[in-house]
Amino acid sequence: MDRPTAFALVDCNNFYASCERAFDPSLRGRPVVVLSNNDGCIIARSDEAKALGIEMGTPYYQVKGKLKAHGVVVFSSNYALYGDLSNRVMGTLAYAAPAVETYSIDEAFLGLDCTQADPQFARSVQRLVGQWTHIPVSIGIAPTKTLSKVANRFAKRRKRCRGVFRLPEEELDAWLDRVEVRDIWGIGPAYTRLLHKNRVYTAKQLRELDDRWVRRHMTIVGLRTVWELRGISCIPLDRAKAAKANIMCSRSFGEPVTEKADLREAVATFASRVAEKLRAQQSVAGALYVFVTTKRFGPGPHYRNHATVTLPVPTAYTPTLVREALRGLDGIWKAGIRYKKAGVMVQDVTPAAQVQGDLFASAGQAQDASLMAVMDAVNATYGRGTLALASTGTKRKDWHRKEGHRSPRYTTRWDELAEVRA
DNA sequence: TCTGGGGTCCTAGGACCC
DNA sequence: TCTGGGGTCCTAGGACCC
């Protein structure tokens with residue numbers, strides 16, 4: 001179904017909170033919130049928690065007392081659980097509908113033909129997901145993806161819709177008049193400011209804007225949004241999820257890190273996690289990026305420093321990625337700084353199949369190695385030059401051209417500690 | 001004291017080549 | 001002496017998403 005006649009956006013309600021609830025029915029009807037990494041801030045709220053006026057993204061410490069006073073059940077996040085339940089929801093959707101695009105951990109677009117573009121069908125999907133996964137979902141139906149997002153908002157907010165809403169094409173103007181521009185998919189804070197400055201406040205006004213003006217000030221992306229609001233589908237259903245072009249693993253630290261050994265351990269962990277993700281999508285990376293930052297809030301100075309390391313050979317081999325990440329870290333680490341966050345990102349990611357030789361096979365061998373074993377290997381080889389790697393033989397077309405950019409062997413770049421605007 | 005962790009796409013401008 | 005233009009690749013930065 002390349003050209004569906006309509007789209008449905010299926011969105012899990014309060015997903016993380018619903019996941020916790022799916023496993024503990026006694027939580028039904030009670031306010032639930034889920035916290036981010038390090039229990040830093042609130043990233044999910046059940047309806048009951050929302051009703052108490054608890055805002056998304058609020059730092060936990062600011063509302064701790066309030067949560068306690070209202071008997072709110074608080075969870076640290078459990079991404080393994082959420083990922084698992086997400087897979088079950090998506091699996092159910094794939095069973096129920098012919099064309100599914102998994103858009104995020106808690107959202108999917110369905111491509112609908114003319115027999116399915118009605119609330120009846122959506123209701124049956126909603127029921128099935130509820131029965132099979134215990135996750136409540138809302139479904140918005142409309143002629144384009146952007147409008148299905150709008151429809152989904154109404155599905156969620158209008159109680160009598162019970163989570164299903166089809167945007168009536170005949171009355172589009174009247175409905176879009178009630179949608180603020182900031183609530184449109186694709187319109188963020190910067191475009192909201194720009195549009196307000198030009199006295200555009202609603203989706204209806206946005207879709208009446210002149211194409212040339214939109215193109216000039218909001219790029220082609222903004223123009224697509226405007227056309228989609230007019231009911232012209234510009235963003236197709238994308239059923240195959242593409243391999244990631246960048247893969248990152250980063251964390252904020254609960255306590256500031258000042259010891260180099262601690263930072264090395266963290267960066268080694270991030271690099272090995274990245275290597276796992278890389279292998280999971282059958283890819284190898286050509287470069288990696290390491291960064292460290294101080295805290296972002298409160299009085300300065302705030303610093304961010306980073307290094308890019310071009311790998312001699314694209315690889316997904318854990319010890320190599322860990323070693324190179326540590327090499328990058330060594331270039332940017334400075335004593336006497338309280339680091340609050342660090343991360344590793346691999347770039348220039350290509351399918352492993354494009355690189356001949358046994359690079360990928362050898363990567364697999366490291367897959368089950370414990371982090372300690374990896375660290376041992378790293379420590380054994382670190383600073384002694386290269387770890388023995390498979391041949392560089394390759395038939396990749398653009399490889400030889402790119403090869404020119406890869407000399408000398410390590411094109412490591414690191415910047416002086418840069419002050420970040422507070 | 002305490003503030004998430006991922007990603008994508010587009011554009012402008014400079015380097016370089018012919 | 002005068003003085004080109006088209007094309008590609010790369011990078012940084014800005015916008016957005018969940």
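Chain letters run A, B, ... following the sequence lines, proteins first and then strands; every chain starts at 1. Note that the structure is predicted; figures quoted are calculated from it, not measured.
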Pair assignment for DNA chain C - dot-bracket with | for other-strand partners, Watson-Crick or G-U under 3.5 Å: ....||||||||||||||
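- In terms of phosphate contacts, A:K277 brings a side-chain nitrogen or oxygen within less than 4.0 Å of OP1 or OP2 of B:dG6.
- Across the protein-nucleic acid pair, A:D183 atom CG and C:dC16 atom C1' stand 15 Å apart, rounded to whole Å.
- Proximity of A:R224 to the phosphate of B:dC9: no side-chain N or O atom is located under 4.0 Å from OP1 or OP2.
- Listed nucleotides: B:dG5, C:dA15, C:dC17. Nearest to the side chain of A:K341: B:dG5.
- Using a 4.0 Å cut-off on heavy atoms, none of the residues of residues 38-69 of chain A approach DNA chain C.
- Taking every side-chain heavy atom of A:M248 into account, B:dG7 is the closest of B:dG7, C:dC17, B:dG4.
- The side chain of A:S252 places an N or O atom within less than 4.0 Å of a non-bridging phosphate oxygen (OP1 or OP2) of B:dG5.
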Chi angles and distances behind the side chain to side chain contact (heavy atoms under 4.5 Å, CB included) call for A:V214, A:T219: CA-CA 7 Å; A:V214 175; A:T219 82; over 6 Å; no
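- Phosphate proximity of B:dG7 to A:N246: absent, as no side-chain N or O sits under 4.0 Å from OP1 or OP2.
- Atom name P, nucleotides C:dC18 and B:dT3: the rounded distance is 25 Å, in whole Å.
- Proximity of A:S250 to the phosphate of B:dG6: a side-chain N or O atom is located under 4.0 Å from OP1 or OP2.
- A straight line from CZ of A:F253 to P of B:dG4 spans 13 Å, rounded to a whole angstrom.
- Across the protein-nucleic acid pair, A:E101 atom CD and B:dT8 atom C1' stand 12 Å apart, rounded to whole Å.
- Between A:Y82 and A:Y16, the angle of the ring planes stays under 30°, which puts this pair in the parallel group of the 30/60° scheme.
- A:Y103 places its OH atom 12 Å from the P atom of B:dT8, with the value rounded to the nearest Å.
- Taking side-chain N and O atoms only, A:R215 has a distance below 4.0 Å to OP1 or OP2 of B:dT11.
- If you check B:dT11, C:dC16, B:dG4 against the side chain of A:S36, the one that comes closest is B:dG4.
- Set against B:dG5, B:dG7, B:dC10, the side chain of A:R251 has B:dG5 as its closest nucleotide.
- Residue A:C249 has its side chain nearest to B:dG6 when only B:dG6, B:dC10, B:dT8 are considered.
- Of the candidates B:dG6, B:dC10, C:dC17, the closest approach to any side-chain atom of A:V221 belongs to B:dC10.
- Atom pair A:K340:NZ and B:dT1:P shows a separation of 12 Å (rounding to whole Å applied).
- Rounded to whole Å, atom C1' of C:dA15 lies 15 Å from atom NE2 of A:H217.
- Side-chain contact annotation: A:D39 with A:S76, donor-acceptor N/O pair under 3.5 Å present.
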